[in-house]
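Values reported hereafter were calculated over all heavy atoms of this structure, with side chains retained and with hydrogens, waters and symmetry mates removed.
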Amino acid sequence: AQVKIGYYSNKNVLEAMPEYTLAQNDLAQLKEQYAQEADRAEKEFNTKYEEFLNDLKSLTPTIRRKRQEELKQFMESNIRFREEVARLLAQAEQDALTPLQNKINTTLRLIAAEYSLDIILNTDSNACPYLSPAIGEDINEIVRTALSSSK
């Protein structure tokens, strides 16, 4: 028995989904909010640092150490914030894309059954740069059409 193979680009299918555009817009807004907060904190740090440098000669050693420690803590806090933001953005992206990927996977199973496909390959990784038309069928348009009609 001959194996029937379908192939598609998950990236192209995903990016063609209207839900993907909405998710990307939401993520862009979230990134912008975090970037604005990081910029605000950086400006605040720079202002405090400039004040420290201006006052440096007039500060007693004890007050100088105290302010240096405050600056150090502020800087560390900003670093932790940026690390947390990176983690939160990655999680938000995963949370936004997981339902879309699940929808694609469900659609692929339905298409495999309907078209009697034994295997469906995702060509995004270039793991299979060539498939003979005798054994492989490009199902990109079938997947996009099925997803657009399954709203």
Side-chain angles (χ1 to χ4, degrees), residues 5-113 115 117 119-131 136-151:
I5 299 171
Y7 57 91
Y8 80 111
S9 166
N10 194 77
K11 179 180 183 286
N12 291 344
V13 167
L14 180 66
E15 291 175 356
M17 297 173 73
E19 302 98 316
Y20 178 80
T21 302
L22 293 173
Q24 290 302 309
N25 289 340
D26 290 347
L27 288 169
Q29 287 177 354
L30 186 59
K31 286 178 187 177
E32 180 59 29
Q33 287 176 353
Y34 284 137
Q36 287 175 359
E37 179 58 23
D39 288 346
R40 186 201 62 76
E42 185 174 335
K43 286 176 185 171
E44 186 177 345
F45 173 81
N46 289 339
T47 300
K48 288 179 184 278
Y49 185 67
E50 287 173 16
E51 288 172 4
F52 172 75
L53 291 177
N54 288 336
D55 298 341
L56 188 60
K57 290 182 180 179
S58 65
L59 297 176
T60 66
T62 305
I63 294 173
R64 185 181 315 131
R65 281 192 301 274
K66 177 187 174 287
R67 292 212 186 154
Q68 285 174 326
E69 186 59 33
E70 287 173 353
L71 286 169
K72 179 182 172 195
Q73 288 174 359
F74 196 78
M75 186 173 59
E76 289 171 352
S77 174
N78 287 346
I79 291 169
R80 284 191 305 274
F81 175 74
R82 287 182 184 272
E83 290 169 350
E84 180 68 4
V85 163
R87 187 191 68 73
L88 290 171
L89 286 173
Q91 184 63 50
E93 184 172 21
Q94 182 179 349
D95 292 347
L97 296 182
T98 295
L100 302 181
Q101 191 59 55
N102 290 343
K103 185 176 180 181
I104 291 171
N105 292 344
T106 299
T107 301
L108 290 173
R109 283 190 288 279
L110 295 172
I111 290 170
Y115 289 85
L117 298 173
I119 298 171
I120 296 180
L121 297 174
N122 175 1
T123 58
D124 289 347
S125 66
N126 202 30
C128 193
Y130 173 76
L131 278 169
E137 178 179 354
D138 184 344
I139 61 169
N140 278 292
E141 196 55 42
I142 295 168
V143 176
R144 283 194 287 272
T145 302
L147 285 168
S148 67
S149 66
S150 71
K151 294 177 184 174

Extract all donor-acceptor atom pairs below 3.5 Å that involve side chains of residues 82-96 and protein atoms in other chains or at least two apart in sequence.
{"residue": "R82", "atom": "NH2", "partner": "E42", "partner atom": "OE1", "Å": "3.1"}
{"residue": "E84", "atom": "OE1", "partner": "R87", "partner atom": "NE", "Å": "3.2"}
{"residue": "E84", "atom": "OE2", "partner": "R87", "partner atom": "NH2", "Å": "2.7"}
{"residue": "Q91", "atom": "NE2", "partner": "D95", "partner atom": "OD1", "Å": "2.7"}

- Find the distance between NZ (K103) and CG (L14) and round it off to the nearest 0.5 Å. 11.0 Å

- Message: Hydrogens and angles aside, do N10 and Q101 bring a side-chain donor and acceptor to less than 3.5 Å of each other?
- Response: yes

- Say whether Q33 and Q29, considering side chains only, have a donor N or O and an acceptor N or O under 3.5 Å apart. no

- Salt bridge between K48 and E70, side-chain N to carboxylate O under 4.0 Å? no

- Who pairs with E15 by side chain to side chain donor-acceptor pair (under 3.5 Å), at least two apart in sequence or on another chain? K11

- May I have all residue pairs that pass salt bridge (Lys or Arg N to Asp or Glu O under 4.0 Å) and include part of residues 137-148, sequence neighbours excluded? E141-R144

- Task: Sorted by first residue and then second, give each salt bridge (Lys or Arg N to Asp or Glu O under 4.0 Å) pair with at least one member in residues 22-38; sequence neighbours left out.
- Result: E37-R40

- Query: Between F81 and Y34, how do the two ring planes meet: parallel, tilted or perpendicular, split at 30° and 60°?
  - Reply: perpendicular

- Message: Quick check: do N122 and Y8 have side-chain heavy atoms less than 4.5 Å from each other?
- Response: yes

- Task: Would you please name every residue forming a side chain to side chain contact (heavy atoms under 4.5 Å, CB included) with E50, sequence neighbours left out?
- Result: none

- Sequence neighbours excluded, which residues qualify as side chain to side chain contact (heavy atoms under 4.5 Å, CB included) partners of S58? D55

